[in-house]
Structures are given as C-alpha cells and as structure tokens.
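Below is one structure, written out as structure tokens; the observations come after it.
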Amino acid sequence: MGDKNRIYKPKPISGYAEWLPEHRMVEMEWMDKIRNVFETYGFCNIETPSVEELDVLLAKGETDKEIYTLTRLQADEDDDKDARLGLHFDLTVPFARYTAQHFNDLVFPFKRYQIQRSWRGERPQKGRYREFYQCDIDVINIDALPLHFDAEIPAIMYAAYQALDIPPVELRLSNRKILIGYLTALGVEDITTATRTLDKLDKIGADGVIKGLTEEAGLSEDIAQKSLALAEIKSEDTGFYDQVKSLGIQNDLLDEGLDELKFVVENLSHLPKGAIKVDLSIVRGFDYYTGTILEAYLKDTDYGAIGSGGRYDDLAGSYINKKLPGIGVSIGLTRLFSLLIEIGHFKEAERKSPADILMVLPDEAQRGVTLETANTLRARGYKVEMYHAASKLKKQLAYAEKKAIPFVWFPPFKDGKPHEVKDMNSGEQKNADPATWEI
RNA sequence: GCGGCUGUAGCUCAGGGGUAGAGCACUCGGUUGUGAUCCGAGUUGUCGCGGGUUCAAACCCCGUCAGCCGCCCCA
C-alpha cells in the first residue's frame with residue numbers, strides 16, 4: 001500500500017453492503033416514506049450514538065450478542081475507557097437507555113422512531129449483514145402501557161410496509177405469555193430450549209420439533225406432543241383462543257397472554273384480509289420481550305423476517321429505578337431492500353440520477369442562456385442536470401438515456417429560436433417555455 | 001464463531017497443466033441540431049489474492065479474502 005506504483009485492489013468487506021446510485025435513491029425514498037408514516041402517527045425522531053457502553057448493551061444479560069467493541073488502534077495499556085464501548089446491535093436498547101437518561105425532560109407516553117444502522121458480528125448470508133439499517137418505532141410509558149399500543153404499533157408497521165412498493169407482507173403475532181405459561185403448566189423446566197425448538201417449527205417440521213424437544217430440551221414424548229399441539233395453532237382471527245382452550249391446560253400466565261392476544265387481534269381487524277396471522281410457534285427475537293411479539297414476512301417467500309418486535313416490560317428498568325414498559329417494532333430495511341434487489345424488483349423504474357431534466361449544451365456560446373434556463377426550471381422545483389460539454393447531441397442524448405433522465409431540454413440553438421423539450425420515453429419533442437412548462 | 005459449496009472481461013458464463021474464449025455491455029464511426037433499432041470498426045482481463053509443486057499453473061496443493069448454503073443467532 002505504501003508503494004505508489006502498486007494499486008490496492010478494492011474489495012468488498014464481508015457483511016458490509018453498499019449500493020449503486022440507482023438503488024441508493026430508492027433506499028432513501030423508502031426511508032422518507034417510512035419516516036412519513038411514523039410521523040403521521042405523531043412519533044418524533046431521535047438519533048442516538050453508534051456506540052453505547054458495554055454495560056448498557058449487556059444489561060439484559062445477553063451474553064455477547066456478537067457485539068463489536070470499539071478501541072483505539074494505539075490504545076495505551078491503561079486506557080480502558082474506550083474498551084468499554086460497543087456498537088449497538090439494535091435500536092431498542094439505546095432507546096431504553098435514552099428514555100431512562102432523559103427521563104425528566106420527556107413527555108410520556110414517549111413515542112419515538114429511529115432510522116439508523118445497527119451492527120452484529122454474525123456470519124453474513126443473503127439478507128443478513130453485519131451492518132444494516134433498522135427503522136425502529138417504540139413507545140414507552142411510566143408504570144403501565146395501555147394494551148391498545150400493542151395493536152397500534154403493528155398497525156403502524158403494516159402501514160409503513162404498505163407505503164413501499166413491495167410484495168404483500170404478513171404480520172405473524174403471538175404473545176410470549178402463552179407459550180411460557182403453557183409450558184410452565186406442563187412442568188417443563190428448560191423453557192428457553194423448549195421455546196427455541198418450537199420456534200423452528202416452520203423450518204424443521206413437526207418431527208424435527210419432537211426430536212429436539214425430547215433430545216435437547218429433555219421433555220417426555222407426551223409433553224413434547226402437547227407442546228407441539230400449541231405451537232401448531234394458527235389462525236387469521238381470534239379462532240386461536242378456543243383452540244388453545246380446548247387443549248385443556250390451565251395457567252394464569254397463559255390466560256393473560258390469550259386475553260391480550262385476543263384483544264390485539266380484535267383491534268387489528270381493520271387491516272386488510274391476510275395482513276395478520278396468529279402463529280403460536282413464534283417466540284424469538286430478543287430475550288427482553290415479555291408479552292406481544294410479532295414478526296413480519298414477505299408472503300409467498302421463504303426469506304427470513306423482514307421486521308419484528310414486541311412488548312418489553314422492564315427493559316428501561318435496567319437503567320433507572322422506575323417501571324417503564326414499552327412496545328416497539330423494527331423494520332429490517334437493509335434486509336428487505338437487499339432481498340428485493342436480489343429478485344430484480346427495482347429493474348423497471350430505475351434512474352441513475354435524481355434529475356428530471358438534462359439540459360443540453362448546444363454550443364459553448366450558448367452556455368449563458370443554458371445556465372439561465374436551467375436555473376429558471378430549478379427555481380420552479382425541477383431537478384436539472386447540465387450537460388458538461390458542447391459535445392455532439394448524439395452524445396448528450398445517449399448520456400440522458402444512460403442515466404434514465406426522462407426529459408431533455410434544448411435551449412435555443414440561435415437567438416430568437418424557441419426552446420424545445422423532448423420526452424425520452426415517448427420520443428416526442430415540442431417547443432416549450434421554461435417559465436411555464438410542466439412535466 | 002463452526003461446517004460445506006463457489007470465485008475466469010462491466011454482466012452471464014464456457015474452458016481446464018503449455019503462454020485466455022463466447023454472448024451481451026462498452027468506445028468510435030455511418031458529415032450539416034437528437035438517444036433507445038440497424039450497419040461497420042475497436043477496446044477489455046495480474047483467470048479473487050498470496051504462497052507451494054512443476055521445465056511450465058487459470059487449471060494440482062496450502063493459506064487467505066469474498067459470495068452463497070447449513071448451524072448459531074436474528075432485521
């Protein structure tokens with residue numbers, strides 16, 4: 001690298017994606033649309049630092065979470081300050097810390113959204129990165145958070161997906177109290193392993209689950225079958241309620257979860273048919289969830305979740321001596337976006353420039369008029385790119401074509417002649433006045 | 001972090017121990033003010049990177065990096 005005559009051939013860094021301009025343009029549009037939906041519901045934005053103290057990140061006892069730590073290259077032996085910092089792995093934990101820290105200055109229920117990158121040191125794969133954008137929306141309240149939010153937040157999430165031009169999305173809902181209460185009633189001891197196994201139902205099938213429950217979670221064949229029976233319950237409405245009841249297991253936590261989930265489903269009935277599905281096998285996501293949980297999927301694909309979230313009753317309680325229950329979801333923007341690039345979803349309307357108009361430079365002598373024309377159009381709100389040299393028109397048009405700029409503007413070739421504008425899609429060209437022309 | 005598969009021109013890929021190919025793309029031209037079609041001409045690679053074996057390596061071996069798949073974990 002120090003050798004001037006040698007080039008250092010750039011190569012991708014595993015798990016760190018970057019897009020071409022045409023894709024980045026769409027990504028930014030998406031962020032705007034999602035932001036707009038969030039604000040429509042009155043949520044405000046905050047941005048927190050990329051780093052948090054490791055004590056904050058690890059407060060919920062999540063062992064390592066593949067957290068990246070931050071150190072100086074030339075850190076002194078006794079300089080352990082930076083070593084205590086780590087890049088955040090999600091936006092919910094920083095949000096909880098923020099809420100606790102600024103407790104006295106915030107209005108509750110505190111509703112906020114954050115669109116930032118997160119980092120996880122996992123093995124990259126399709127749709128899975130080490131650095132990725134999340135669009136996170138949460139609400140936290142003091143002491144108690146009304147259950148209505150458990151319906152509002154998923155509704156907002158769904159609206160955000162709907163604002164994007166993407167294939168149909170399905171929200172899968174459950175409540176952690178159901179599975180935990182049920183397994184407790186069955187006398188299951190290693191609930192973590194059992195729920196982890198049940199969560200894989202979609203992936204490994206009923207046989208795989210039974211095998212995992214008996215071999216790894218240590219359940220008897222009978223208990224394993226009963227556990228599976230619950231996890232297999234799915235419904236598009238409140239039908240799950242009676243199905244669970246008919247299994248004949250009595251447990252207070254279970255009942256609480258059932259009532260909550262029923263309430264949530266009822267309060268989401270305004271969503272389009274097929275938008276939500278109760279799926280009692282889902283449990284995953286981070287450990288801090290305590291009630292409602294949900295995952296978003298692209299329908300008819302086998303891609304992983306493109307968003308998820310849930311209710312957490314005592315996350316912020318790790319940072320302040322108060323009870324601050326919250327609920328929130330996160331849209332996995334980078335994952336969703338990269339999957340759609342992969343399937344060629346953006347092929348059509350791609351532009352490689354935000355410009356609406358390419359301003360032709362017919363002749364060096366016309367540069368003044370050309371510039372003036374461009375500025376007139378810009379003042380009227382159009383995005384105008386100037387062609388940089390008085391090259392052959394063939395070249396200038398080919399440039400517009402390559403960047404998919406929809407209009408090409410021809411200033412007068414000679415004084416007194418009219419302006420002309422060409423629609424590159426139709427090929428139609430006509431006279432135009434920069435002061436009045438409309439797309 | 002563990003295991004597996006893959007890596008040849010900008011893209012999709014063929015080749016397979018003796019000094020690198022196709023299609024598409026790209027560049028230029030087909031005269032005077034016009035792209036996407038057509039015609040003509042042309043350019044393109046340290047065969048991911050580093051090392052080893054060999055008279056000779058893109059091809060064999062080792063390592064490494066990257067992508068993908070599975071696990072783990074999760075957006």
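Numbers restart at 1 for each chain; the letters A, B, ... are given by sequence-line order, proteins then strands.
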Exercise. On RNA chain B, check which nucleotide each of Ala296(A) and Ile204(A) is closest to and give me the residue with the more 5' one.
Key: Ile204(A)

Exercise. For Ala305(A), answer base if it contacts any base atom (sugar-phosphate contacts may also be present), sugar-phosphate if it contacts only those atoms, and nothing otherwise; contact means non-hydrogen atoms under 4.0 Å.
Key: sugar-phosphate

Practice problem: Decide ring-ring contact (aromatic ring centres under 6.0 Å, His included) for Tyr98(A) and Tyr319(A); before the verdict, give the C-alpha distance in whole Å, the side-chain angles of both, and the deciding distance to 0.1 Å. | Solution: CA-CA 9 Å; Tyr98(A) 180 99; Tyr319(A) 315 116; over 10 Å; no

Quiz item: Hey, does Glu420(A) reach any base, or is it just sugar-phosphate, or nothing, if we go heavy atoms under 4.0 Å?
Solution: base

Quiz prompt | Partner residues of Glu122(A) under the salt bridge (charged side-chain N to carboxylate O under 4.0 Å, His left out) criterion, sequence neighbours left out | solution = Arg128(A)

Quiz prompt | Side-chain (Arg311(A)) to main-chain (Ile327(A)) donor-acceptor, under 3.5 angstrom | solution = no

Quiz item: Is there a ring-ring contact (aromatic ring centres under 6.0 Å, His included) between Tyr16(A) and Tyr129(A) once you walk through the steps?
Solution: CA-CA 6 Å; Tyr16(A) 293 78; Tyr129(A) 296 88; 9.1 Å; no

Quiz item: Which part of the nucleic acid, if any, lies within contact of Gln429(A), taking any heavy atom under 4.0 Å across all strands shown: a base, the sugar-phosphate backbone alone, or nothing?
Solution: base

Exercise. Answer yes or no: is there a donor N or O on one side and an acceptor on the other, between the side chain of Gln366(A) and the main chain of Pro412(A), under 3.5 Å?
Key: yes

Quiz item: What dot-bracket string describes RNA chain B from 5' to 3', counting Watson-Crick and G-U wobble pairs whose defining distances are under 3.5 Å, with [ ] for crossing pairs and | for pairs to another strand?
Solution: (((((((..((((.......)))).(((((.......))))).....(((((.......))))))))))))....

Exercise. Would you mind telling me which residue lines up with the more 5' stretch of RNA chain B, Phe132(A) or Lys126(A), judged by nearest nucleotide?
Key: Lys126(A)

Exercise. Examine distances only and state if a side-chain atom of Thr370(A) and a backbone atom of Leu361(A) form a donor-acceptor pair shorter than 3.5 Å.
Key: no

Quiz item: Taking OP1 and OP2 of A75(B), is either one under 4.0 Å from a side-chain nitrogen or oxygen of Thr334(A)?
Solution: no

Self-check item: Side-chain N or O of Arg128(A) closer than 4.0 Å to phosphate OP1/OP2 of C68(B)
Solution: no

Exercise. Assess whether one donor atom and one acceptor atom, taken from the side chain of Lys392(A) and the base of G29(B), lie less than 3.5 Å apart.
Key: no

Self-check item: Span that lies between the P atom of G23(B) and that of C69(B), in whole angstrom
Solution: 32 Å

Quiz item: What does Tyr133(A) touch in the nucleic acid at a heavy-atom separation under 4.0 angstrom: a base, only the sugar-phosphate, or nothing?
Solution: nothing

Exercise. Please state the P separation for the pair U43(B) and U53(B) - nearest whole angstrom.
Key: 38 Å

Quiz item: With a non-hydrogen cut-off below 4.0 angstrom, is Gly15(A) in contact with a base, only sugar-phosphate, or nothing?
Solution: sugar-phosphate

Quiz prompt | Residue from Phe286(A), Phe132(A), Tyr68(A) passing ring-ring contact (aromatic ring centres under 6.0 Å, His included) with Phe89(A) | solution = Phe286(A)

Practice problem: Test for a donor-acceptor pair under 3.5 Å between the base of G67(B) and the side chain of Gln125(A), counting only N and O atoms. | Solution: no

Could you go through nucleotides 36-43 of chain B and list every protein N or O atom that sits under 3.5 Å from one of its N or O atoms, giving the distance for each pair?
residue, atom, partner, partner atom, Å
A36(B), O4', Glu401(A), OE1, 2.8

Quiz item: Quick check: does any side chain N or O of Arg176(A) sit under 3.5 Å from a backbone N or O of Val283(A), one acting as donor and the other as acceptor?
Solution: yes

Practice problem: Side chain of Lys395(A) only, please: which of C74(B), C28(B), C71(B) is the nearest? | Solution: C28(B)

Quiz item: Quick one: is G67(B) close enough that its OP1 or OP2 comes under 4.0 Å of any side-chain N or O from Ser14(A)?
Solution: yes

Quiz item: With centres under 5.5 Å and planes under 30° as the test, does Tyr129(A) stack with A75(B)?
Solution: no

Quiz item: Should Lys402(A) be listed as having a side-chain N or O under 4.0 Å from OP1 or OP2 of U27(B)?
Solution: yes

Quiz prompt | Close side-chain approach of Lys111(A) and Cys44(A), heavy atoms under 4.5 Å | solution = no

Quiz prompt | Any Lys200(A) side-chain N or O less than 4.0 Å from OP1/OP2 of C72(B) | solution = yes

Quiz item: When we call it a touch if two heavy atoms are under 4.0 Å apart, what does Pro362(A) touch: a base, just sugar-phosphate, or nothing?
Solution: nothing

Quiz item: When all nucleic acid strands are considered with a 4.0 Å heavy-atom cut-off, which category describes Gly285(A): base, sugar-phosphate, or nothing?
Solution: sugar-phosphate

Self-check item: Check: Asp90(A) side chain, Val93(A) main-chain N or O, donor-acceptor pair, under 3.5 Å
Solution: yes

Quiz prompt | Closest to side chain of Arg123(A), choosing from C72(B), U27(B), C71(B) | solution = C71(B)

Exercise. Please work out if Arg117(A) contacts a base, only the sugar-phosphate, or nothing of the nucleic acid, heavy-atom cut-off 4.0 Å.
Key: nothing

Exercise. Would you check if there is a donor-acceptor pair between the side chains of Gln114(A) and Arg112(A) at a distance under 3.5 Å?
Key: yes

Quiz item: Any donor-acceptor pair under 3.5 Å between the side chain of Arg120(A) and the base of A75(B)?
Solution: yes

